[in-house]
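Read the structure below first, then the notes.
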Amino acid sequence: MAEGGERGKDKEQSGSSLNGGSVTKPLPRTGASAQAEEAQESSAITAPSRLRTPGPRSRFRAAIGILIAVAVAALCLALIFYLKDNDYLRDDYPYVHNSYDWANFEQFYPVADDDFTPLPANTGDRVSLPRVQYDFSDSNSDSDRKEVLTARASAVKSATRKTWRTYSKHAMPHDELNPIQLSWTDPLSGWGATMVDGLDTLWIMDMKEEFYHAVREVALIDWADERFLACNIFETTIRYLGGLLSAYDLSGLPVLLNKARDLGDMLLVAFDTPNRIPSYWFNYDNARQGTQTAGLNQGSASATSLCLEFTRLAQLTGKDKYYDAVHRVSVFLASTQNSTLLPGMWPAQLDFRDMTAEGTDYTLGAGADSLYEYLLKMHILLSGADPVYESMYEAASEAARKALLFRPMVPTLDGESPDVLLSGSASVTFAGAEPDLVPKAQHLSCFTGGMFALGGKILNNSLHVDVGGKLARGCSWAYNASNHGIMPEAALLAPCPGDISSVNGGYGDDSCAFNLTIWQDYSGGTTKDGPFTDIIDGSYILRPEAIESLFILYRITGNPEFQDLAWDMWLSIVNVTETEHAFAAAKDVTVDRDELVELDDDMESFWVAETLKYFYLIFEDPGTISLDDWVFNTEAHPFKRSWE
């Protein structure tokens, strides 16, 4: 009551001030009039009310009405906020088109009508490829195992949430996060590499809110934003174009395909050279002036690893021009494959301008890797409609198996080297010479386990499936044998002695006892107790190739061993690279076990696009992104294996 009295007092005081500050006092009541008014007031107080008091039913109906009104209001508010936060339900995505019209750019070296190649699906016959995935229908009976795998997948997803939360707060829409200083960097043209690269990972992990928020930012990208003078054709294609196509294949959002088409139209101009093969860099001014030329001494994978993305873009849009652009590069490969110093393979460096392949160094590692990967995957994506990819892959993979693969000879407690394989390099000095093996293991080469196994299943080659398993185990062994449980970027080893035509691959007898003399020949006379004779690069930059192969081998064989090997790798990676807010590259994972590994303030976009995705998928239900329905590009972006 005191509170109500005070409010009444305030009201009287404010009322006095409304009368200009003077107070008019009421005249006193006297005589009969006073008595009559007093009687009227008294009767008003004591007389019974003529209004009916509401009964229980009326009160109940009134309460129900109020509840319904409140519920409807709450629902409306919830719908408003839901629509605000979920733009995919709207048709009015804010969209930025290219500020420069690359789609209608008048090229200096246009394709002649008689030199134009449409999608082979329109002119050739597709074939039915063998199934790839193991039949997991009887693998769900072990409830304990399923619980373990669910927990592992959840751990990977938590790491992804942590990574994305920090990136979106401190770096989006820039390319990459600096995970220690919590800043950003733009090494990939500033279009938001991690944002685009990570779209399909978010979708696969059912992080839909983060996905749609990222799509809103992606729709605002202007590919003609020329803050940088040029863009890297290879990286732009595999990360940006591949990321958009995969996210569209998964979600069906038209805005993503539109954005991919805008990017594809710009990248098509990079093919406007005298021989229609692009350079390593797409220089915008050179393009406008008509002075672009193909590279003279370029990594062999650069111009040859664009075909999967451009082919998928052609399939989705029905525009053959995208396929025609990359087909010309494949013709060059086919014409030179059997005339190199190592027939079947191409040298690590190619002269794309004069269209020659005369180098002496051969590898499945840095600079060449995805060339070979894409031969097989083009065969899969096209359902065998163009037989050239199958024939090129078969010849290349067999040549690599014989010349590049080796079994490492290492000191062990039982004296027997592990029965695993690694992929090295080879040098051939003149035509007809035997390849000279360089037993250099690169983390980048760890994808070969998955490639050999996948190719073995598709082409009914059981030997290659077996070789793929040994390669996958080889990189897992290199992880486990390293001081901090992570394989370094590049290192040398001593190979087991053996014939180059050995069934194991290049070098390696069925039995490989440790030989100190051979070891010292490769290690420079040292007797270091460890797997590597020399460390070329001890860093680990959050690479995915080792887990990629384990994932593919598990999906092909159904062997849970590969899942357990993956989990051991995951624990080591988290232990070394996790920061307070995200994950960071390691400078040297070969330091002594009791030393703390120093971290670099760097987190490549492929940490989200590839590494986290593959770790999640190997523990997730194997029906998620089945290898019978999808094919991955070299940045782990899955494309559907079908088209109209």
Side-chain angles (χ1 to χ4, degrees), residues 119-121 125-140 149 153 199-206 208 211 238 241-253 256-257 260 307-318 373-386 389-390 393 447 450-451 453-460 465 468 544 547-558 562-563 609-610 612-644:
L119 268 171
D125 296 324
R126 290 183 252 176
V127 299
S128 178
L129 300 180
R131 292 187 63 83
V132 172
Q133 283 217 159
Y134 176 80
D135 183 2
F136 288 96
S137 59
D138 296 329
S139 303
N140 297 323
L149 296 177
L199 283 174
D200 53 4
T201 298
L202 298 177
W203 183 274
I204 290 169
M205 293 191 189
D206 197 29
K208 296 301 197 300
F211 173 83
I238 67 169
L241 185 56
L244 290 168
L245 293 171
S246 176
Y248 173 75
D249 266 342
L250 289 163
S251 70
L253 284 180
L256 297 172
L257 183 57
C307 49
L308 205 69
E309 293 79 8
F310 275 81
T311 298
R312 186 60 186 150
L313 182 59
Q315 291 174 345
L316 290 172
T317 62
E373 174 189 2
Y374 272 23
L375 297 178
L376 171 63
K377 292 182 175 180
M378 280 293 287
H379 174 62
I380 296 173
L381 185 64
L382 292 172
S383 297
D386 187 344
Y389 293 104
E390 178 183 5
Y393 175 76
F447 85 96
M451 182 187 75
L454 182 62
K457 289 291 290 186
I458 289 291
L459 303 177
N460 294 309
V465 175
I547 180 57
E548 173 185 352
S549 284
L550 291 180
F551 160 71
I552 294 174
L553 263 297
Y554 171 67
R555 288 294 187 88
I556 286 176
T557 67
F562 295 108
Q563 292 178 311
E610 300 187 71
L612 289 170
K613 183 186 297 159
Y614 281 132
F615 269 115
Y616 178 79
L617 286 174
I618 197 172
F619 303 126
E620 182 55 78
D621 186 300
T624 303
I625 314 297
S626 168
L627 296 181
D628 291 321
D629 302 321
W630 301 82
V631 59
F632 287 83
N633 87 331
T634 195
E635 191 75 3
H637 295 307
F639 299 160
K640 281 185 179 178
R641 288 176 50 181
S642 62
W643 75 96
E644 293 298 329

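Each residue takes its place number in the sequence, starting with 1.
- Partners of D206 under the side-chain contact (heavy atoms from CB on, under 4.5 Å) rule, at least two apart in sequence or in another chain, are K157, K208.
- Residues meeting the ring-ring contact (aromatic ring centres under 6.0 Å, His included) test with F615, sequence neighbours left out: W570.
- With sequence neighbours excluded, the residues that form a ring-ring contact (aromatic ring centres under 6.0 Å, His included) with F551 are Y614, F632.
- Counting heavy atoms from C-beta outward, L382 and Q315 have side chains that approach closer than 4.5 Å.
- Qualifying side-chain hydrogen bond (donor to acceptor under 3.5 Å, both in side chains) partners for E635, counting only residues two or more places apart in sequence or in other chains: none.
- The side-chain hydrogen bond (donor to acceptor under 3.5 Å, both in side chains) test applied to T311 returns no partner, not counting sequence neighbours.
- Under the 4.5 Å side-chain criterion, counting only non-hydrogen atoms from C-beta, H379 is in contact with L459.
- Residues passing the side-chain contact (heavy atoms from CB on, under 4.5 Å) test with T557, sequence neighbours excluded: L553, N559, F562.
- The side-chain hydrogen bond (donor to acceptor under 3.5 Å, both in side chains) test applied to D386 returns no partner, not counting sequence neighbours.
- In this structure, W630 has no ring-ring contact (aromatic ring centres under 6.0 Å, His included) partners at least two apart in sequence or on a different chain.
- A search for ring-ring contact (aromatic ring centres under 6.0 Å, His included) contacts involving Y554 returns F136, not counting sequence neighbours.
- With sequence neighbours excluded, no residue forms a side-chain hydrogen bond (donor to acceptor under 3.5 Å, both in side chains) with D629.
- Side chains of K377 and N633 form no contact here, defined as non-hydrogen atoms less than 4.5 Å apart.
- Ion pairing between R131 and D628 holds under the 4.0 Å rule for side-chain N and carboxylate O.
- By the side-chain contact (heavy atoms from CB on, under 4.5 Å) test, Y248 pairs with L256, L257, L316, sequence neighbours left out.
- Contacts of S549 classified as side-chain contact (heavy atoms from CB on, under 4.5 Å), with partners at least two apart in sequence or in another chain: A472.
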